[in-house]
Amino acid sequence: DAGVTQSPTHLIKTRGQHVTLRCSPISGHKSVSWYQQVLGQGPQFIFQYYEKEERGRGNFPDRFSARQFPNYSSELNVNALLLGDSALYLCASSPRWGRQGYGYTFGSGTRLTVV
Amino acid sequence: TQLLEQSPQFLSIQEGENLTVYCNSSSVFSSLQWYRQEPGEGPVLLVTVVTGGEVKKLKRLTFQFGDARKDSSLHITAAQPGDTGLYLCAGGKGGSEKLVFGKGTKLTVNP
């Protein structure tokens with residue numbers, strides 16, 4: 001079975017541009033979360049979606065937005081990119097919402113570099 | 001702010017040695033997860049502990065959740081070069097999908 005797939009794997013953007021990152025969860029998983037991991041730090045929570053509804057939002061500016069589609073795939077959008085947005089963006093899926101005991105399966109991430 | 005402090009930040013040992021990594025917080029968590037991450041990859045779940053005082057063993061790895069559910073430890077026996085990686089602890093609270101991660105412990109096991 002395919003794991004969590006993210007695209008693209010690497011991306012270079014210029015300050016002020018917009019970027020869209022994509023994630024396909026494990027088949028049957030309805031919950032998708034997004035995390036930002038800056039070099040040398042642990043992942044930081046951005047968004048969580050379940051059944052196409054936003055269920056949680058981290059401390060990120062409104063330039064960050066996301067959505068989940070009927071097939072449970074998800075997009076993370078970032079507008080007006082800043083140099084500080086350079087990071088590894090991780091997507092995680094889980095079978096259900098509110099069941100942390102299952103743990104999460106992470107994708108390999110999208111490495112975003114803003115120049 | 002819920003913070004998870006991991007120690008040590010860096011650890012370099014020889015093959016065959018034992019080691020312990022710590023994860024501490026002033027907050028109570030309903031679950032504590034440990035992940036291992038290799039360069040350029042996403043974190044891979046090793047274990048989830050949910051009960052205070054719980055101990056789980058995964059081959060040479062032993063995980064413990066503190067009685068008060070504020071801290072956890074990961075002990076590796078007879079470390080091998082394949083254990084090299086970034087070990088992350090992450091805490092979760094009931095009713096929320098948000099995980100709070102520590103900064104990680106970067107482990108290097110030299111042959």
Side-chain angles (χ1 to χ4, degrees), chain A residues 3-6 9-10 21 23 25-26 29-51 53-60 66 68 74 87-111 113, chain B residues 1-10 21 23-25 27-52 54 56 58 63 65 69 72 74 85-106:
Chain A
V4 178
T5 58
Q6 292 187 243
T9 55
H10 296 83
L21 310 181
C23 171
I26 290 173
H29 284 198
K30 299 180 178 180
S31 171
V32 170
S33 299
W34 287 95
Y35 286 80
Q36 180 196 64
Q37 187 175 22
V38 174
L39 197 62
Q41 302 290 321
Q44 188 172 358
F45 175 77
I46 310 176
F47 285 110
Q48 193 269 333
Y49 277 79
Y50 178 71
E51 290 283 16
E53 291 187 5
E54 182 183 305
R55 295 299 186 101
R57 172 185 286 252
N59 188 24
F60 280 81
Q68 187 176 34
S74 178
L88 181 67
Y89 287 85
L90 296 163
C91 173
S93 80
S94 62
R96 294 175 59 181
W97 178 78
R99 297 295 299 271
Q100 296 157 4
Y102 285 119
Y104 297 87
T105 302
F106 283 85
S108 295
T110 294
R111 171 69 65 187
T113 302
Chain B
T1 302
Q2 306 161 10
L3 293 176
L4 277 171
E5 304 278 349
Q6 285 191 242
S7 62
Q9 188 175 356
F10 298 95
V21 175
C23 177
N24 296 293
S25 176
S27 298
V28 175
F29 291 97
S30 59
S31 71
L32 203 296
Q33 301 174 14
W34 284 91
Y35 292 83
R36 188 175 86 186
Q37 185 177 25
E38 301 194 20
E41 298 293 326
V44 175
L45 179 69
L46 297 174
V47 77
T48 300
V49 285
V50 297
T51 304
E54 182 176 4
K56 281 192 175 180
L58 186 67
F63 305 86
F65 200 11
R69 291 185 289 141
S72 180
L74 159 60
L86 179 68
Y87 288 82
L88 294 159
C89 67
K93 293 207 169 189
S96 169
E97 285 286 296
K98 173 183 176 181
L99 284 179
V100 176
F101 280 84
K103 291 185 178 182
T105 294
K106 188 171 183 181

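Heavy atoms only: backbone and side chains are in, while hydrogens, waters and symmetry mates are out. In what follows, every chain begins at residue 1, and chains take the letters A, B, ... in the order their sequences are listed.
Atom NZ of B:K106 has 12 or fewer heavy atoms from other residues, nucleotides or ligands within 6.0 Å.
Aromatic ring centroids of A:F45 and B:F101 lie 6.0 Å or more apart.
Proximity to chain A (any heavy atom under 4.5 Å) is shown, for B:L32, by neither the backbone nor the side chain. The contact between B:Q37 and chain A is made entirely by side chain atoms (from C-beta outward), counting heavy-atom distances below 4.5 Å. Residue A:F47: no heavy atom, backbone or side chain, is found under 4.5 Å from chain B.
With rounding to the nearest 0.5 angstrom, the CD1 atom of A:I46 is 12.0 Å from the NZ atom of B:K98.
The nearest pair of heavy atoms linking B:L88 to A:P43 is CD1-CD, 4.0 Å.
Of all the listed residues (B:P43, B:G42, B:G40), the one sharing the greatest number of non-hydrogen pairs under 4.5 Å with chain A is B:P43. In terms of non-hydrogen atom pairs under 4.5 Å with chain B, the most contact-rich of A:Q37, A:Q6, A:R57, A:Q44 is A:Q37.
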Verdict with reasoning, B:L45 to A:F106, per side-chain contact (heavy atoms from CB on, under 4.5 Å) | CA-CA 8 Å; B:L45 179 69; A:F106 283 85; over 6 Å; no
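Side chain of A:Y104 to main chain of B:V44: no donor-acceptor pair is present (N/O by atom type, distance under 3.5 Å, no hydrogens or angles).
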